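This chain uses plain numbering: 1 for the first residue, then up along the sequence. Values below: every heavy atom of this structure, side chains too, minus hydrogens, waters and symmetry copies. Counting starts at 1 for both ligands and their atoms, in listed order. Treat the numbers as computed from the prediction; the structure is a model and nothing was measured.
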Amino acid sequence: MAPLLYKKDMSAPCRAVLLTAQAIDLELDFKDVDMLNKEHLEEDFIKLNPQHAVPVLDDEGFILCESHAIIVYLVSKYAGDDSLYPEDLQLRSQINHKLHFDGGVLQNLMRQIIGLFIFEGASSIPEKIVDSVIESYSFLEAFLQDKEWFVGDSVTLADLSLIPSVTTLNVLVPIDGDACPKLLEWISRAEELPYYSANSAGHEELVIFVKNILGA
Ligand SMILES: N[C@@H](CCC(=O)N[C@@H](CS)C(=O)NCC(=O)O)C(=O)O
């Protein structure tokens, strides 16, 4: 039986799992969680994830929450090789750094902005948050150095986790190509990945959602 993913396509963390599954050619079953109708706050879902967030994975009864944990699990269990999450300790540690940066910094900024839109009816992003997003782009630009991908010389889980977050933030606060040319080149490279479509559908949904709010 294929692992079951509770998801919402617009959600960046869910798209990281979708990208990873496609990258390792793993078939998943899906359950779309209707968050607008607060399905994520219902008792059955809270039993799966007390933090009431997607994504959640159910692999034959083994329940795992949190996109970063899920993508590491899927690659460790199902990938044909270790290229996405190399066993080499230093490479793996560099990937872990980017996964934590994604969870601790980028996702936090997205949550603040989307939270303002949904719960406070905001139709613009406060300058302080815009500044933090721009600062996070400068960190990413520096992490990339002269590399094509964030860690090592091929795509890893660092990239698959960052692609949905960075492309989402780029809709909210556009990346300045003069300040962060390497980051924009990395996005273009990511868009050429054969499985990039796993990010596109949800991303397009998000673009429409954000345009409606920002009136852009
Ligand atoms: N760090 C978590 C973030 C998950 C998350 O915040 N998911 C959002 C959707 S993007 C959610 O389900 N929010 C509903 C809630 O928190 O009530 C991960 O990477 O999985």
Side-chain angles (χ1 to χ4, degrees), residues 3-23 26 28 30-59 62-77 84-85 95-122 125 129 132-133 136 140 150 156-173 190 198-210 212-213:
L4 173 66
L5 183 70
Y6 292 80
K7 67 159 173 84
K8 179 163 177 61
D9 286 336
M10 209 166 80
S11 150
C14 293
R15 284 184 266 135
V17 180
L18 298 177
L19 278 168
T20 302
Q22 290 271 318
L26 172 70
L28 294 174
F30 298 113
K31 165 85 179 80
D32 279 292
V33 179
D34 184 355
M35 301 181 84
L36 284 180
N37 285 319
K38 301 198 188 312
E39 205 181 340
H40 61 304
L41 300 178
E42 287 174 9
E43 200 182 329
D44 284 352
F45 191 75
I46 299 278
K47 270 189 203 149
L48 291 174
N49 184 1
Q51 281 181 281
H52 47 77
V54 287
V56 175
L57 186 79
D58 178 347
D59 188 10
F62 171 65
I63 306 296
L64 188 60
C65 309
E66 170 67 38
S67 64
H68 307 96
I70 293 171
I71 61 179
V72 166
Y73 171 81
L74 290 179
V75 165
S76 305
K77 181 166 177 187
L84 287 177
Y85 196 54
I95 293 169
N96 291 342
H97 163 225
K98 308 306 176 293
L99 300 186
H100 285 286
F101 182 80
D102 183 43
V105 178
L106 302 185
Q107 287 190 352
N108 190 27
L109 290 166
M110 282 188 287
R111 184 192 304 268
Q112 285 184 56
I113 297 170
I114 305 282
L116 284 172
F117 289 166
I118 294 179
F119 301 117
E120 296 186 29
I125 306 170
I129 300 183
S132 298
V133 175
S136 77
L140 289 162
F150 273 94
T156 67
L157 287 185
D159 303 288
L160 299 187
S161 176
L162 291 170
I163 287 168
S165 301
V166 176
T167 54
T168 295
L169 283 169
N170 191 26
V171 173
L172 300 166
V173 179
N199 186 50
S200 321
H203 181 74
E204 290 312 315
E205 228 182 278
L206 177 104
V207 169
I208 292 167
F209 170 79
V210 170
N212 281 338
I213 289 174

*Compute whether any side-chain donor of one residue and acceptor of the other, for Arg15 and Ser165, lie under 3.5 angstrom apart.*
no
_Return the closest protein heavy atom for atom 12 (O) of ligand 1 as residue, atom name and distance._
Val54 N, 2.9 Å
*Given side chains that start at C-beta, do those of Asp44 and Leu48 come closer than 4.5 Å, heavy atoms only?*
no
*So which protein heavy atom does atom 6 (O) of ligand 1 come closest to, and at what separation?*
Arg111 NH2, 3.2 Å
*Which ligand 1 atoms does His68 reach within 4.0 Å, using its non-hydrogen atoms?*
19 (O)
*What is the nearest protein non-hydrogen atom to atom 10 (S) of ligand 1, stated with its residue, atom name and distance?*
Ser11 OG, 3.2 Å
*Is ligand 1 under 4.0 Å from a heavy atom in the side chain of Ala53, in the backbone, in both, or in neither?*
both
*In terms of residue, atom name and distance, what is the protein heavy atom nearest to atom 19 (O) of ligand 1?*
Ser67 OG, 2.6 Å
*Indicate yes or no: at least one non-hydrogen side-chain atom of Phe62 is less than 4.5 angstrom from one of Leu57.*
no
*asked:* I'd like to check Ile71 versus Ser161 (side-chain heavy atoms, cut-off strictly below 4.5 Å). Are they in contact?
replied: yes
*Does Gln107 reach ligand 1 with a nitrogen or oxygen that is under 3.5 Å from one of the ligand's nitrogen or oxygen atoms?*
yes
_Lys/Arg N to Asp/Glu carboxylate O, Asp59 vs Lys77, below 4.0 Å_ = yes
*asked:* Suppose we measure from atom 17 (O) of ligand 1 to each protein heavy atom; which comes out shortest, and what is that distance?
replied: His52 ND1, 2.7 Å
*Working to the nearest 0.5 Å, report the span between CG of Leu106 and NE2 of His100.*
13.5 Å
*Look at Lys31 together with Glu39 and state whether they make a salt bridge at an N to O cut-off of under 4.0 Å.*
yes
*Pick one of side chain, backbone, both or neither for how Met110 approaches ligand 1, counting any non-hydrogen atom pair under 4.0 Å.*
neither
_Contact check, Pro55 vs ligand 1, heavy-atom distance below 4.0 Å_ = yes
*Could you tell me the residue and atom name of the protein heavy atom closest to atom 2 (C) of ligand 1, and the distance to it rounded to 0.1 Å?*
Glu66 OE1, 3.2 Å
*What protein heavy atom sits nearest atom 11 (C) of ligand 1, and how far off is it?*
Met35 CE, 3.6 Å
_Is it the case that the ring center of Phe30 lies less than 6.0 angstrom away from the ring center of Tyr6?_
no
